[in-house]
Trainee: 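First, the structure itself, so that you have it in front of you.
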Amino acid sequence: MRVYKFGGASVKDAEGVKNVAEVLKTTGYANTLVVISAMGKTTNAMELVIKNYFENKEELQSSIHEVIKFHNEILLDLFDNEQHEVFKSVKALFDELRTFFKTNKSPDYNYVYDQTIGFGELVSTTIVSHYLNQIGLNNQWLDVREFIKTDNYYRRANINWEQTQDIISSNFDTTQLNITQGFLGSDANSFTTTLGREGSDYTAAIFAYCLNALDVTIWKDVPGVLNADPRYFENAQLLNQISYREAIELAFYGASVIHPKTLQPLQQKEIPLYVKSFLNPKASGTCVSKGKTLEPEIPCFIVKKNLILISLSSLDFSYIVEENISEIFSLLHLYKMKVDLIQNSAISFSVCIDNLYDNRDKLIQHLKAKFNVTLHDNVSLYTIRHYNDSAIKELEKEKTVLLKQLTQETVQIVTK
């Protein structure tokens with residue numbers, strides 16, 4: 001059994017869907033599970049829909065219509081006959097979305113987010129599945145929510161591994177081509193949950209673990225894992241091979257090519273992960289597996305933008321000790337802040353955080369009751385793995401450095 005994952009860029013339009021079919025024809029598709037994300041920038045468009053639901057009801061239907069229009073254009077490019085059943089299937093999904101907004105009583109943003117954001121994945125897989133069947137690549141469409149079970153930590157749900165393993169082992173047909181969604185699961189009450197942004201990679205790894213897959217391939221619009229994001233760094237180079245450990249380090253620091261949770265289940269069963277280009281499926285890409293050294297051995301650059309740097313000091317110049325640090329982390333946990341970097345001295349403590357749940361103001365108000373607070377919004381956190389002096393010097397050029405931290409293999413620099 002093999003597991004493939006195709007991201008939004010690979011199915012951003014009709015030509016992308018056709019190319020997915022060509023990749024499957026080139027590589028073979030028997031005994032394969034294909035995990036597919038929402039098409040193009042649909043997740044962003046759906047987030048606007050959700051925002052309008054809470055903040056601008058007058059624009060809600062218009063924003064839903066834009067999502068429907070985008071998908072209808074792809075449908076018309078792929079299917080000659082508008083009487084094809086795929087049109088009914090897609091319409092039914094969007095009708096379900098509209099019905100939810102009309103009948104929902106919950107004011108909980110995170111709950112509403114998870115019940116609606118995944119319609120992008122449901123629609124994209126419906127379209128791809130029907131198209132593949134139409135051209136002779138017979139497949140079974142699966143609702144991933146029936147297989148992956150989680151808790152109800154909406155927007156970043158945790159997997160119930162025992163239940164998920166039992167369901168997949170008992171109900172999954174490995175003898176055919178299967179198509180399912182990334183990013184989604186369901187809780188004990190069958191409400192939809194999500195695994196965090198970019199969680200489709202994680203979905204592929206979950207299935208691979210439960211199915212004892214031969215390997216996992218993530219198909220992207222880049223040649224493989226690069227030593228830097230080409231959107232922010234010039235002359236990014238392909239890494240031919242890396243170890244699980246190195247890939248986990250890169251993912252932990254924010255490398256966007258691999259989801260942070262993806263690698264743990266693969267490492268446990270030593271399932272190789274390949275990152276390849278859907279534009280050149282015959283190319284070798286990058287292999288992530290046990291014991292692979294970094295090849296070539298070059299610095300790897302990662303950047304995370306729009307973070308918050310908070311610097312704290314005690315009101316009476318007393319030491320920042322275990323009791324204070326414990327309290328700070330309790331507050332970070334309370335307000336669901338993702339910590340990306342910490343640094344402390346005798347009387348100060350700095351933390352760089354990702355304000356995922358928009359609780360910044362509540363956190364700062366709470367912290368000011370106990371500490372002097374210095375705040376820097378919209379900072380960037382740069383990480384260099386396997387750094388050298390020239391790499392640091394080039395990175396710091398024309399930037400204001402707010403914080404720097406070096407270990408033997410990694411340097412992290414917060415800049416404004």
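Only this structure's heavy atoms are used, side chains among them; waters, hydrogens and symmetry mates stay out.
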Trainee: Which pairs count as side chain to side chain donor-acceptor pair (under 3.5 Å) when at least one residue sits in residues 59-68, sequence neighbours excluded?
Mentor: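 Those involving residues 59-68 are Asn52-Ser63, Gln61-Arg98.
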Trainee: Apply side chain to side chain donor-acceptor pair (under 3.5 Å) to Glu47 and Tyr113, showing your working.
Mentor: CA-CA 8 Å; Glu47 287 182 336; Tyr113 184 99; 2.7 Å; yes
Trainee: Counting distance only, does the side-chain N/O of Asn178 pair as donor-acceptor with the main-chain N or O of Asp173 below 3.5 Å?
Mentor: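 Yes; judged by distance alone, with no hydrogens or angles, the pair exists.
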Trainee: Would you kindly say whether Ser390 and Asn388 are connected by a side-chain donor-acceptor distance under 3.5 Å?
Mentor: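 The criterion, which ignores hydrogens and geometry beyond distance, is satisfied for Asn388 and Ser390.
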Trainee: What are the two closest heavy atoms between Lys305 and Ser380, and how far apart are they?
Mentor: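 In this case the closest contact between Lys305 and Ser380 is CG-OG, 3.7 Å.
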Trainee: Using a 6.0 Å cut-off, check whether atom CG of Asp389 has over 12 heavy atoms from anything other than its own residue.
Mentor: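 No, the 6.0 Å shell around CG holds no more than 12 heavy atoms from other groups.
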Trainee: List the atom of Gly136, the atom of Tyr29, and the distance in Å for their closest heavy-atom pair.
Mentor: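 Here Gly136 and Tyr29 meet closest at O-OH, 4.2 Å.
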Trainee: Is the NZ or CZ atom of Lys91 positioned over Phe94's six-membered ring, under 6.0 angstrom from the centre and within 45° of the axis?
Mentor: no
Trainee: Are there more than 12 heavy atoms of other residues, nucleotides or ligands under 6.0 Å from atom NZ of Lys399?
Mentor: yes
Trainee: Given the rule in the side chain to side chain contact (heavy atoms under 4.5 Å, CB included) test, do Leu142 and Ile179 qualify, once you have shown the distances and angles that lead to the verdict?
Mentor: CA-CA 6 Å; Leu142 304 175; Ile179 308 293; over 6 Å; no
Trainee: Using 30° and 60° as the class limits, which term best fits the ring planes of Phe147 and Phe207: parallel, tilted or perpendicular?
Mentor: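 Rings of Phe147 and Phe207: tilted, as their planes differ by 30° to 60°.
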Trainee: Between Gln412 (side chain only) and Thr383 (backbone N and O only), is there a donor and an acceptor less than 3.5 Å apart?
Mentor: no
Trainee: Compare all side-chain heavy atoms of Phe119 with those of Glu96 and state whether any distance is below 4.5 angstrom.
Mentor: yes
Trainee: Does Arg385 make a cation-pi contact with Tyr253 (under 6.0 Å, within 45 degrees of the axis)?
Mentor: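 No, Arg385 does not lie over the aromatic ring of Tyr253.
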Trainee: For Thr150 and Thr193, does a side-chain donor sit closer than 3.5 Å to a side-chain acceptor?
Mentor: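 There is such a pair between these side chains.
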Trainee: Do Thr203 side-chain atoms and Gly199 backbone N/O form a donor-acceptor pair below 3.5 Å?
Mentor: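 Confirmed, Thr203 side chain pairs with Gly199 backbone.
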Trainee: Assess Lys362 against Tyr335: is NZ or CZ under 6.0 Å from the centre of the six-membered ring, and within 45 degrees of the ring's axis?
Mentor: no
Trainee: Of all heavy-atom pairs between Ile36 and Ser124, which one has the smallest distance, and what is that distance?
Mentor: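 Taking every non-hydrogen atom into account, CG2-OG, 4.0 Å.
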Trainee: Using the six-membered ring wherever Trp is involved, compare the ring planes of Phe101 and Tyr53 and label them parallel, tilted or perpendicular (cut-offs 30° and 60°).
Mentor: tilted
Trainee: I'd like to know if Asp215 pairs up with Arg2 as an ion pair, taking the criterion as any Lys NZ or Arg NE/NH1/NH2 lying under 4.0 Å from an Asp or Glu carboxylate oxygen.
Mentor: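 Result for this pair is no, no salt bridge flagged.
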Trainee: Could you go through the side chain to side chain donor-acceptor pair (under 3.5 Å) check for Asn212 and Lys269 one step at a time?
Mentor: CA-CA 8 Å; Asn212 294 312; Lys269 292 194 175 180; 2.7 Å; yes
Trainee: Run Glu396 and Lys404 through salt bridge (Lys or Arg N to Asp or Glu O under 4.0 Å) and show every step you take.
Mentor: CA-CA 10 Å; Glu396 292 181 343; Lys404 182 192 291 188; 2.6 Å; yes
Trainee: Counting only heavy atoms not in Lys88, do more than 12 sit closer than 6.0 Å to its NZ atom?
Mentor: no
Trainee: Output yes when a side-chain donor or acceptor of Lys416 lies under 3.5 Å from a complementary backbone atom of Asp377, and no otherwise.
Mentor: yes
Trainee: Testing Thr32, Thr217, Thr27 for side-chain hydrogen bond (donor to acceptor under 3.5 Å, both in side chains) with Tyr4, which one passes?
Mentor: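 Going through the options one by one, the only one that passes is Thr27.
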Trainee: Between Asn240 and Thr286, is there a donor-acceptor pair closer than 3.5 Å when you use the side chain of the first and the backbone of the second?
Mentor: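 No.
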Trainee: Check whether any side-chain heavy atom of Thr164 sits under 4.5 Å from a side-chain heavy atom of Lys149, and report yes or no.
Mentor: yes
Trainee: Within 45° of the ring axis of Tyr109 and under 6.0 Å from its six-membered ring centre, is that where the NZ or CZ of Lys51 lies?
Mentor: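 Not satisfied by the 6.0 Å and 45° rule.
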Trainee: Do Ile392 and Leu395 come within less than 4.5 Å of each other through their side chains, counting heavy atoms only?
Mentor: no
Trainee: Answer whether the closest heavy-atom distance between the side chains of Val11 and Val20 falls below 4.5 Å.
Mentor: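 Yes, their side chains come closer than 4.5 Å.
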Trainee: Indicate yes or no for a side-chain donor-acceptor contact from Thr180 to the backbone of Val35 under 3.5 Å, with no hydrogens or angles considered.
Mentor: no
Trainee: At what distance, to the nearest 0.5 angstrom, does OG of Ser350 lie from CG of Leu402?
Mentor: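 Ser350 atom OG to Leu402 atom CG measures 9.5 Å (nearest 0.5 Å).
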Trainee: Decide whether a cation-pi geometry holds between Lys102 and Phe100; the criteria are a distance under 6.0 Å from NZ or CZ to the six-membered ring centre and an angle within 45° of the ring axis.
Mentor: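 Ring-cation test returns no.
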Trainee: Taking the side chain as every heavy atom from C-beta outward, state whether Lys370 and Glu327 have any pair of such atoms under 4.5 Å apart.
Mentor: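 Yes; the side chains approach each other to less than 4.5 Å.
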Trainee: Hey, could you give me the CG/OG1 distance between Leu309 and Thr374, rounded to the nearest 0.5 Å?
Mentor: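 Reported to 0.5 Å precision, the distance equals 9.0 Å.
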Trainee: What's the separation between atom NZ in Lys292 and atom CG in Leu294, rounded to the nearest 0.5 Å?
Mentor: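 Answer rounded to 0.5 Å: 12.5 Å.
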Trainee: Measuring only between side-chain heavy atoms, which start at C-beta, is Ser277 closer than 4.5 Å to Val222?
Mentor: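 They are not in side-chain contact.
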Trainee: So, taking the atom named CG in Leu75 and the one named CZ in Phe87, what distance separates them when rounded to the nearest 0.5 Å?
Mentor: 5.0 Å
Trainee: Please answer whether the main-chain N or O of Arg360 pairs with a side-chain N or O of Asn355 as donor and acceptor at a distance below 3.5 Å.
Mentor: yes
Trainee: Are Asp114 and Thr194 close enough that a side-chain donor and a side-chain acceptor fall under 3.5 Å?
Mentor: yes
Trainee: Which atom pair, heavy atoms only, marks the closest approach of Val339 to Leu332?
Mentor: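 In terms of heavy atoms, the two residues are closest at CG2-CD1, 3.7 Å.
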Trainee: On the ring face of Tyr382, is Lys304 found with NZ or CZ under 6.0 Å from the centre and within 45° of the axis?
Mentor: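 Pair Lys304/Tyr382 does not count as cation-pi.
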Trainee: Please check if any side-chain donor atom of Arg145 sits under 3.5 Å from a side-chain acceptor atom of Thr192, or the reverse.
Mentor: yes
Trainee: Could you report the tightest heavy-atom contact between Pro223 and Leu226, atom names first, then the distance?
Mentor: CD-CD2, 4.2 Å
Trainee: Is the backbone N or O of Tyr202 less than 3.5 Å from a side-chain atom of Thr262, with the two atoms forming a donor-acceptor pair by type?
Mentor: yes
Trainee: Among residues at least two apart in sequence or on other chains, which ones pass side chain to side chain donor-acceptor pair (under 3.5 Å) with Asn56?
Mentor: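 In terms of side chain to side chain donor-acceptor pair (under 3.5 Å), with neighbours along the sequence ignored, Asn56 is linked to no residue.
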Trainee: Taking Asn133 for its side chain and Asn139 for its backbone only, find out whether a donor-acceptor pair lies under 3.5 Å.
Mentor: yes
Trainee: Quick one: does His71's side chain get under 4.5 Å of Thr42's, heavy atoms only?
Mentor: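 When only atoms from C-beta onward are counted, Thr42 and His71 do touch, with a gap below 4.5 Å.
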Trainee: So does Lys41 have more than 12 non-hydrogen atoms from other groups sitting under 6.0 Å from NZ?
Mentor: no
Trainee: Less than 3.5 Å apart, any donor N or O on the side chain of Thr126 or Ser89 sitting next to an acceptor on the other?
Mentor: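 Side-chain D/A pair, Thr126 to Ser89: absent.
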Trainee: Would you name the heavy atoms of Ser37 and Ser200 that are closest together and state the gap between them?
Mentor: OG-OG, 3.1 Å
Trainee: Go through the structure and list residues passing ring pair (Phe, Tyr, Trp, His ring centres under 6.0 Å) with Tyr111, not counting sequence neighbours.
Mentor: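 In terms of ring pair (Phe, Tyr, Trp, His ring centres under 6.0 Å), with neighbours along the sequence ignored, Tyr111 is linked to Tyr154, Phe191.
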Trainee: Got a second to check how far Asp143's CG is from Leu184's CG, nearest 0.5 Å?
Mentor: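 These two atoms lie 8.0 Å from each other.
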Trainee: Of the options Val275, Asn19, Val23, which is the one that meets Trp219 in a side-chain contact (heavy atoms from CB on, under 4.5 Å)?
Mentor: Val23
Trainee: If you define the side chain from C-beta out and look only at heavy atoms, does anything of Gln343 sit under 4.5 Å from Gln405?
Mentor: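 Heavy-atom side-chain distance check passes, below 4.5 Å.
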Trainee: Could you tell me the separation between the SG atom of Cys210 and the CG atom of Asp166, rounded to the nearest 0.5 Å?
Mentor: 9.0 Å
Trainee: Would you find more than 12 non-hydrogen atoms of other residues, nucleotides or ligands less than 6.0 Å from Lys368 atom NZ?
Mentor: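 No, the 6.0 Å shell around NZ holds no more than 12 heavy atoms from other groups.
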